[in-house]
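All heavy atoms count here, side chains included; hydrogens, waters and symmetry mates do not. Labels below follow one simple rule: chain letters A, B, ... track the order of the sequence lines, proteins then strands, and each chain is numbered from 1.
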Amino acid sequence: MPELPEVEVTRRGIEPYVAGRRVERVDVRTRALRWPVPADFASTLGKKRVRKVERRGKYLLFEIEDGWFIVHLGMTGTLRVLPHTAEPPAPAKHDHIDWIFDEFILRFRDPRRFGAVLWHPRDAGDVLDHPLLATLGVEPFAPEFTGALMHRRTRGRKVSVKQALLAGDIVVGVGNIYASESLFRAGIRPTTPAGRVSLARYDLLATAVRATLAAAIDKGGSTLRDFVGSNGESGYFQLDYFVYDRAGLPCRVCGTPIKQIVQGQRSTYFCPHCQR
DNA sequence: TCCATCACCTGAGCGC
DNA sequence: TGCGCTCAGGTGATGG
């Protein structure tokens, strides 16, 4: 389930292959993703050269001459680089799109089809003005992401601090796993109303979010069920979880059993002793 | 404006 | 072994 670290690991794995290379052909086998893949997607991209691959939140932005194609991995999406030989690997059931380059194939697989592949032409403005990107919060590694920002943006809000972190309108890229992990590192109980968390504790949380995401990127992301990086290898960050998916197991710090609750129809894990 | 809930989707895991 | 149920979760849409 790709969150920001998995998307960033994917971007880093893909960019050396695709940057500066020309898309020879695009095979769209499934248009019915979260939003329909544009009908003319293949013809629009054919013979175009990819300039670079950037990331905004959990969106991957592939810049070509006259626009960007945008990829969101959703819950189960992966982008893999495969060799383009005389007999390339046959697409499997959930392999929806191939970008075929001269020496390799970039293949999008997404069993649950929560992902998206979209097109944003340059004459429609900068890609960051795309409706899906324009309302996103700040990047967690940007200097604008501070405890003061979180503190200011949550005054008067009754929603829990965990749900405020997940919402994506303050800071992007923190999904369910890393929200639980970051709150543990900051010592903040996930159920605390966002509007009642002090500035000092938001400073801790901002530091914890950055540290958690950076550690996950270093380890190649997490591998829960479906995620593998662009080379098909698994990440290892799940071995370092303090609380996520550890209900009933002893806290790695104090030994108290980890609790699991549901917030906003999502599982939350926390240590009732370390997080107050 | 804020918040909760729903919908989308399929595979894994579990009980029977 | 096979069937049916529940759960997992990112995020836009909807309604209170």
Side-chain angles (χ1 to χ4, degrees), chain A residues 1-11 29-37 55-61 70-79 91-97 108-118 120 130-137 139-140 150 152-183 190-197 209 213 216 221-228 234-235 237-238 241 243-248 258 260-269:
Chain A
M1 47 196 82
E3 298 189 25
L4 185 145
E6 289 76 25
V7 178
E8 179 61 21
V9 167
T10 298
R11 190 196 69 77
R29 286 178 288 274
T30 309
R31 288 189 54 221
L33 301 179
R34 179 174 174 85
W35 298 286
V37 178
R55 180 189 56 74
R56 177 74 175 97
K58 297 172 190 169
Y59 293 89
L60 288 165
L61 315 174
I70 302 169
V71 176
H72 194 292
L73 300 177
M75 292 286 303
T76 54
T78 56
L79 281 170
K93 182 180 176 186
H94 301 296
D95 291 341
H96 305 308
I97 299 179
F108 178 70
R109 171 180 295 180
D110 186 7
R112 291 188 210 170
R113 289 191 275 135
F114 275 23
V117 176
L118 303 165
H120 183 79
H130 188 282
L132 291 171
L133 307 180
T135 58
L136 294 177
E139 286 288 326
M150 291 208 73
R152 186 171 67 249
R153 292 287 303 277
T154 53
R155 290 313 86 188
R157 291 184 65 177
K158 296 186 177 72
V159 71
S160 73
V161 61
K162 190 236 183 176
Q163 287 172 281
L165 199 53
L166 273 179
D169 55 342
I170 302 174
V171 59
V172 294
V174 185
N176 201 44
I177 296 169
Y178 297 116
S180 283
E181 292 297 310
S182 299
L183 286 162
T191 51
T192 309
R196 291 181 56 188
V197 176
V209 166
L213 297 179
S222 299
T223 305
L224 284 178
R225 296 179 181 87
D226 308 292
F227 179 74
V228 291
S234 301
F237 187 71
Q238 74 281 5
Y241 289 160
V243 289
Y244 186 82
D245 207 23
R246 298 193 66 245
I258 298 299
Q260 178 183 7
I261 59 172
V262 175
Q263 291 179 285
Q265 299 173 311
R266 301 284 183 267
S267 288
T268 297
Y269 301 86

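The distance from atom CG of A:Asp95 to atom P of B:dT10 is 15 Å, rounded to the nearest whole Å. Remark: C1' of C:dG12 and NE2 of A:His72 are 11 Å apart, rounded to the nearest angstrom. One can place CG of A:Leu136 at 12 Å from C1' of C:dG12, the figure rounded to the nearest angstrom. Between A:Leu165 atom CG and C:dT11 atom C1' there is a gap of 16 Å when expressed in whole angstrom units. The separation between A:Leu133 atom CG and C:dG12 atom C1' is 14 Å, rounded to whole Å. The interatomic distance linking A:Met75 (CE) with B:dG11 (P) rounds to 14 Å, in whole Å. Per the geometry, CD belonging to A:Gln260 stands 11 Å off C1' belonging to C:dA8, to the nearest Å. Atom CG of A:Leu132 and atom P of C:dG10 are 16 Å apart (whole Å).
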*nucleotides 2-8 of chain B: protein proximity per nucleotide (B base, S sugar-phosphate only, - neither; heavy atom, under 4.0 Å)*: -SS-B-B
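Put simply, the side chain of A:Lys58 does not reach to within 4.5 Å of the side chain of A:Glu6, judged on heavy atoms. In this structure, the side chains of A:Ile70 and A:Leu132 stay at 4.5 Å or more apart for every pair of heavy atoms.
At least one side-chain nitrogen or oxygen of A:Arg113 sits closer than 4.0 Å to the OP1 or OP2 atom of B:dT10. Between A:Lys93 and the phosphate of B:dT10, there is no side-chain N or O to OP1/OP2 separation shorter than 4.0 Å. For B:dT10, neither phosphate oxygen OP1 nor OP2 lies less than 4.0 angstrom from any side-chain nitrogen or oxygen of A:His94. For A:Thr76, no side-chain nitrogen or oxygen approaches OP1 or OP2 of B:dG11 to under 4.0 Å. Checking the phosphate oxygens (OP1, OP2) of C:dG10, no side-chain nitrogen or oxygen of A:Lys58 falls inside 4.0 Å.
Residues passing the side-chain hydrogen bond (donor to acceptor under 3.5 Å, both in side chains) test with A:His72: none are found, sequence neighbours excluded.
Atom CG of residue A:Leu166 and atom OG of residue A:Ser180 lie 8.0 Å apart, to the nearest 0.5 angstrom.
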*Stepwise, does the side chain to side chain contact (heavy atoms under 4.5 Å, CB included) test hold for A:Tyr178 with A:Leu4?*
CA-CA 9 Å; A:Tyr178 297 116; A:Leu4 185 145; over 6 Å; no
*Might you work through the side-chain hydrogen bond (donor to acceptor under 3.5 Å, both in side chains) test for A:Tyr269 and A:Gln260, ending with a clear yes or no?*
CA-CA 5 Å; A:Tyr269 301 86; A:Gln260 178 183 7; 3.2 Å; yes
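Listed by first and then second residue, the salt bridge (charged side-chain N to carboxylate O under 4.0 Å, His left out) pairs involving residues 157-180 of chain A are A:Arg157-A:Asp169 (not counting sequence neighbours).
In terms of position on DNA chain C, the residue among A:Thr135 and A:Asn176 whose nearest nucleotide sits closer to the 5' end is A:Asn176.
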